[in-house]
Number of protein chains: 2
Amino acid sequence: MKDNNEMPGHLARRFQQIAVAVFLAEVEDAGFDLTPVQYAALATIKANPGLDQVTLAGLIAYDRTTITGVIDRLVQKGLAERRPSSRDRRARELEITDEGRRTLRKITPAVESAQRIMLRGLSAKEGEELMRLLRKAIAAGNELSRAPLREAQL
Amino acid sequence: MKDNNEMPGHLARRFQQIAVAVFLAEVEDAGFDLTPVQYAALATIKANPGLDQVTLAGLIAYDRTTITGVIDRLVQKGLAERRPSSRDRRARELEITDEGRRTLRKITPAVESAQRIMLRGLSAKEGEELMRLLRKAIAAGNELSRAPLREAQL
DNA sequence: TACTGATAGTCAGCATACTGAGCAATATCC
DNA sequence: GGATATTGCTCAGTATGCTGACTATCAGTA
């Protein structure tokens with residue numbers, strides 16, 4: 001059997017594991033209780049006010065069945081609102097609350113710090129190269145997962 | 001807010017998401033039902049007969065509370081055995097079964113194919129470089145997660 | 001040997017992720 | 001305009017992954 005360190009799948013899992021741990025630690029140090037997933041969802045809601053759940057899921061490549069629970073928790077924490085769409089009665093429009101906006105603003109330094117920490121073993125140039133290669137591999141594999149990235153509809 | 005594509009944490013999540021989807025698809029095409037996590041555990045049990053659960057967890061960087069369920073499922077599928085250790089009555093010794101050995105052997109092509117597919121957007125040289133950078137970042141962050149990689153005790 | 005601390009494993013609880021099914025509403029096609 | 005297909009969302013079930021707590025056992029020491 002190949003060494004685990006030769007398996008991109010194993011390395012992907014490990015890097016993601018560390019990335020999540022670093023994110024949670026930094027955010028908790030800053031006095032907040034928000035997961036990476038919840039953060040990405042909230043930031044995307046703020047950037048696209050009134051979007052529906054499927055669009056949100058596409059913008060951050062979450063499964064539509066996962067996004068339901070994530071939004072539940074954002075709403076429960078008072079950071080976002082979910083209300084029926086006027087144009088399509090199947091859909092829910094999402095909005096960030098003032099509290100959500102405040103949280104996003106205050107949490108940003110911790111989030112950026114986390115991104116630096118998870119690359120701390122690499123030089124700036126290596127970090128850039130890692131991100132470039134990940135972006136390239138992800139772009140080629142986008143359609144292979146059930147939850148591919150999707151552009152917003154206009 | 002920064003673009004998601006500038007966040008290593010987001011890229012880590014996406015790459016891992018695709019890696020798991022590719023693995024599961026290849027393995028299912030080959031006629032098997034084994035997750036990436038179960039595969040890594042089974043392969044490590046085979047390579048280290050009689051090891052205990054904590055050692056196994058350390059070798060593949062799983063949390064000790066996660067490994068319990070993973071082994072439950074391997075045992076339930078008849079691929080591994082869990083029996084009390086003779087030297088330490090707290091510990092369980094793990095062994096691969098003949099069926100587990102057969103499964104590992106037959107599944108290997110699918111696993112290797114999956115590793116290639118998840119890098120299909122990259123040249124061979126780029127794939128190597130991505131793995132090198134991931135290994136380096138992971139090594140620097142190993143202690144930051146609750147389930148760091150651990151060498152086997154002798 | 002009795003006490004203390006560490007270790008192996010499990011469990012309950014929570015948060016992603018996914019499969020597959022189902023409901024309600026909208027879009028499309030004849 | 002009515003049948004059909006598609007879409008938005010939710011739910012049940014399964015599998016990681018983690019926190020924190022607990023039991024049983026072991027190791028070291030006074």
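Since this is a predicted model, take the numbers as computed values, not measurements. Values below: all heavy atoms of this structure, side chains included; hydrogens, waters and symmetry mates excluded. Chain letters run A, B, ... following the sequence lines, proteins first and then strands; every chain starts at 1.
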Query - Interatomic distance where CD belongs to Gln38(B) and C1' belongs to dC18(C) [whole Å] - result: 14 Å

Query - Working for side-chain hydrogen bond (donor to acceptor under 3.5 Å, both in side chains), residues Asn4(B) and Arg14(B) - result: CA-CA 10 Å; Asn4(B) 277 335; Arg14(B) 288 280 290 130; over 6 Å; no

Query raised in the report: Does atom CD of Glu112(B) have more than 12 heavy-atom neighbours from other groups under 6.0 Å away?
Result: yes

Query raised in the report: Which ones in residues 79-91 of chain B lie close to DNA chain C, meaning a heavy atom under 4.0 Å from one of its atoms?
Result: Arg82(B), Arg90(B), Ala91(B)

Report task. May I ask you to verify if any side-chain N or O of Thr35(B) is less than 4.0 angstrom from the OP1 or OP2 atom of dT16(D)? Result -> yes

Query - Flag if over 12 foreign heavy atoms under 6.0 Å of CD, Glu95(A) - result: yes

Query raised in the report: How close or far is atom P of dT16(C) from atom CG of Asp33(A), stated in whole angstroms?
Result: 10 Å

Query raised in the report: Rounding to a whole Å, what distance do you find between Leu74(A):CG and dA15(C):P?
Result: 11 Å

Requested in this report: Mind calculating the distance between CD (Gln76(B)) and P (dT14(D)) to the nearest angstrom?
Outcome: 11 Å

Requested in this report: Would you classify Ala147(B) as touching base, sugar-phosphate or nothing, given that sugar-phosphate means primed atoms plus P, OP1 and OP2, and contacts are heavy atoms under 4.0 Å?
Outcome: sugar-phosphate

Query raised in the report: Which comes earlier along DNA chain D counting from the 5' end, the contact point of Thr68(A) or that of Pro36(B), where each point is its nearest nucleotide?
Result: Thr68(A)

Query raised in the report: Which pairs pass salt bridge (Lys or Arg N to Asp or Glu O under 4.0 Å) with one or both residues in residues 57-74 of chain B, sequence neighbours excluded?
Result: Asp63(B)-Arg146(B), Asp72(B)-Arg82(B)

Requested in this report: Verify the neighbour count for atom CD of Gln76(A): are there more than 12 heavy atoms of other residues, nucleotides or ligands below 6.0 Å?
Outcome: no

Query raised in the report: For the side chain of Val54(A), counting heavy atoms from C-beta on, which of dT10(D), dG8(D), dT16(C) is nearest?
Result: dG8(D)

Query raised in the report: Who pairs with Asn5(A) by side chain to side chain donor-acceptor pair (under 3.5 Å), at least two apart in sequence or on another chain?
Result: none

Query raised in the report: Which nucleotide, dG9(C), dA17(C), dC18(D), lies nearest any side-chain atom of Thr66(B)?
Result: dC18(D)

Report task. Take the protein atom OH of Tyr62(A) and the nucleotide atom P of dT16(C), then report the distance between them rounded to whole Å. Result -> 8 Å

**Report entry** Listed partners of Val37(B) passing side chain to side chain contact (heavy atoms under 4.5 Å, CB included), at least two apart
**Finding:** Arg13(A), Thr35(B), Tyr62(B), Val70(B)

Requested in this report: Rounded off to whole Å, could you give me the CD1-to-P distance for the Ile60(B) and dG17(D) pair?
Outcome: 10 Å

Query raised in the report: Rounded to whole angstroms, how far apart are CD1 on Ile71(A) and P on dA17(C)?
Result: 14 Å

Query raised in the report: Should we count NZ of Lys136(B) as having more than 12 external heavy atoms under 6.0 Å?
Result: yes

Query - Whole-Å distance separating the NZ atom of Lys77(A) from the C1' atom of dC14(C) - result: 11 Å

Report summary line: Considering only heavy side-chain atoms of Arg73(B), the closest of dG17(D), dA8(C), dT16(D) is dT16(D)

What N/O pairs connect the protein and nucleotides 20-22 of chain C at under 3.5 Å? Give each pair on its own line.
unit_1  : atom_1 : unit_2   : atom_2 : d
dA21(C) : N6     : Arg64(A) : NH2    : 3.3

Query raised in the report: Hey, does the side chain of Gln16(A) come within less than 4.0 Å of dT16(C)'s phosphate (OP1/OP2), counting only N and O?
Result: no

Query raised in the report: Taking atom CG of Asp98(B) and atom CZ of Arg101(B), what is their separation to the nearest 0.5 Å?
Result: 6.0 Å

Query raised in the report: Which part of the nucleic acid, if any, lies within reach of Glu93(A) when heavy atoms closer than 4.0 Å are counted: base, sugar-phosphate only, or nothing?
Result: nothing

**Report entry** Arg132(B): partners by salt bridge (charged side-chain N to carboxylate O under 4.0 Å, His left out), with sequence neighbours left out
**Finding:** Glu126(A), Glu129(B)

Query raised in the report: NA contact type, Val20(A), heavy-atom cut-off 4.0 Å: base, sugar-phosphate, or nothing?
Result: nothing

